Amino acid sequence: MEENRKKNDSRKEGKTSKTSGLCPVAKKCGGCQYIDMPYKEQLAKKQKYVEQLLKGFGKVNRIIGMEQPEYYRNKVHAVYDFHKGKGIVSGIYQENSHDVVSVDSCLLENRKADAIIVSIRELAKSFKIKTYNEDTGYGLLRHVLVRVGHTTGQIMVVLVLGSPILPSKKNFVGALCKLHPEITTIVVNVNNKKTSMVLGEKEQVIYGKGYIEDVLCGRTFRISPKSFYQVNSVQTEKLYHKAIEYARLTGRETVIDAYCGIGTIGLAAASEAKKVIGVELNKDAVRDAVINARINQIKNADFYQNDAGRFMVQLAKSQTQVDVVFMDPPRSGSTEEFMDALLRLNPSRIVYISCNPDTLARDLKYLTGASRGQKAGCENGKGKDRGNGMVNGYRVMEITPVDMFPFTECIETICILSQISQ
Ligand code: SAH
């Protein structure tokens with residue numbers, strides 16, 4: 001998903017020339033569609049996009065921007081390759097290809113992470129470690145993933161190798177940690193498949209605990225290599241505060257945190273709810289979420305590993321009383337299975353967090369009844385009782401875009417839906 005590094009949205013509208021003074025590889029990379037645009041203009045453009053797309057559903061508030069929009073990515077990925085004449089290079093895939101463009105520093109990325117990636121390139125040369133060749137399957141070093149805890153400063157380095165054995169492992173770890181004593185853990189991940197995914201299944205911790213911790217909204221969160229964690233910590237705090245504000249919790253609610261990752265939203269809200277139930281597909285993330293509840297001494301939160309849609313159907317079947325649902329699906333958005341069960345569960349409020357306004361628009365249409373009318377037999381798409389006692393109509397009360405990805409055209413949006421009262 002995130003590891004797939006899919007940087008380009010389907011929206012081509014408004015692309016800049018991408019020949020930038022700020023970045024020598026902007027054109028080849030294609031990741032920063034707005035690199036030559038002043039930050040204020042970037043915000044205005046995103047605001048306009050969300051308004052055009054979503055204003056028919058409800059009020060669009062002003063986008064929440066950053067004060068300092070550079071170097072925000074706490075997770076940095078680099079691919080390694082061998083170029084004749086140059087030797088080992090590290091950087092990014094050229095837009096729409098598998099050619100590697102050499103990058104030493106990036107306007108979006110944490111600077112320590114970038115420095116570590118360069119050091120690994122130099123060490124690979126001196127340790128005579130060969131880079132992995134995607135066509136032949138020969139070689140070792142494939143990718144490096146660096147994660148930095150925004151508050152704690154803890155750093156995790158994941159070395160993605162084509163096979164499990166890193167020669168002179170001890171010396172390599174020693175040399176890398178000497179150059180960057182801030183590194184708290186190093187993990188070897190094995191990926192020998194022909195795939196665009198960065199991480200493989202197998203993992204071996206070769207230094208430290210195998211995870212980092214970070215502090216967000218006053219809670220401590222453990223993050224494993226394969227777990228999702230929002231890449232822009234400064235904006236994530238603002239996003240989660242908005243989510244909790246929209247939920248209007250009083251301490252009496254049963255709350256679902258769907259697509260919960262390592263449990264961040266649910267655990268940040270738990271002290272204001274009666275009970276939190278989290279669901280997430282990634283088993284490592286669920287394990288982190290369970291431990292995160294324990295670390296923060298939160299006793300009213302349970303986490304389940306399941307497909308969110310299937311889980312919601314089970315909840316609806318067992319007629320579980322649900323008051324508030326947070327949903328934060330991947331870019332592809334939610335599913336009709338999930339949303340049908342959500343409508344049957346009939347919570348008072350739904351807080352929808354989205355990293356793709358286009359799938360958000362599609363799902364809002366469904367949840368508000370506009371695209372469900374005929375299928376569900378609703379009158380005027382207003383979501384009337386289906387004859388089985390279910391109120392299935394929601395209205396979007398507010399929409400707030402949050403700029404989680406400055407210099408790119410990606411947009412995060414949060415919105416609150418309330419039950420239409422009978
Ligand atoms: N709310 C979390 C994670 C959001 S990202 C946070 O703010 O950090 C979306 C999450 O949905 C990822 O953790 C991904 O693993 C998970 N996911 C993707 N498809 C899913 C599905 N079908 N069912 C449950 N979780 C899913």
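Order of appearance sets the numbers: ligands from 1, and atoms from 1 within every ligand. Because the structure is predicted, anything quoted here is derived from the model rather than measured.
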Could an N or O of ligand 1 be found under 3.5 Å from any N or O of Ala308, whether backbone or side chain?
yes

Cut-off 3.5 Å, side chains only: do Thr400 and Tyr246 have a donor facing an acceptor?
yes

Numbered atoms of ligand 1 (with element) below 4.0 Å of Tyr240, judged on heavy atoms:
6 (C), 7 (O), 8 (O)

Asp257 to ligand 1: N or O pair under 3.5 Å?
no

Applying side-chain contact (heavy atoms from CB on, under 4.5 Å), can you list everything that pairs with Lys209, at least two apart in sequence or on another chain?
Gln154, Tyr211, Glu213

Min over Ile262, Leu281, Thr236, Ile353 of heavy-atom distance to atom 24 (C) of ligand 1 lands on Leu281

Classify the contact between Phe221 and ligand 1 as side chain, backbone, both or neither, using a heavy-atom distance cut-off of under 4.0 Å.
neither

Please state which option from Met312, Gln305, Glu280 has its nearest heavy atom closest to atom 13 (O) of ligand 1.
Glu280

Do we see a donor-acceptor contact under 3.5 Å between the side chains of Tyr39 and Asp403?
yes

Salt bridge or not for Lys48 and Glu51, using N-O below 4.0 Å?
no

Which atoms from ligand 1 have a heavy atom of Asn306 less than 4.0 Å away?
23 (N), 24 (C)

If the test is ring-ring contact (aromatic ring centres under 6.0 Å, His included), which one of Phe228, Phe326, Phe338, Tyr352 qualifies with Tyr259?
Phe338

Which bit of Cys260 gets closer than 4.0 Å to ligand 1, counting heavy atoms only: side chain, backbone, both or neither?
backbone

Tyr259 versus ligand 1: do any nitrogen or oxygen atoms come within less than 3.5 Å of each other?
yes

Can you list the ligand 1 atoms lying under 4.0 Å from a non-hydrogen atom of Pro330?
18 (C), 19 (N)

Counting each atom of ligand 1 from 1 as listed, which ones have a heavy atom of Asp307 under 4.0 Å away?
21 (C), 22 (N), 23 (N)

Output for pair (Ser348 OG, Arg248 CZ), nearest 0.5 Å, gives 9.0 Å

Looking at Gln230, which atoms of ligand 1 are within less than 4.0 Å of one of its heavy atoms?
6 (C), 7 (O), 8 (O)

Could you tell me whether the side chains of Gln230 and Asn232 share a donor-acceptor contact shorter than 3.5 Å?
no

Does a donor on one side chain sit under 3.5 Å from an acceptor on the other, for Asp114 and Ser105?
no

CD1 of Ile88 to CZ of Arg121, rounded to nearest 0.5 Å, is 9.0 Å

Would you mind listing which atoms of ligand 1 come within a distance below 4.0 Å of any non-hydrogen atom of Thr264?
6 (C), 7 (O), 8 (O)

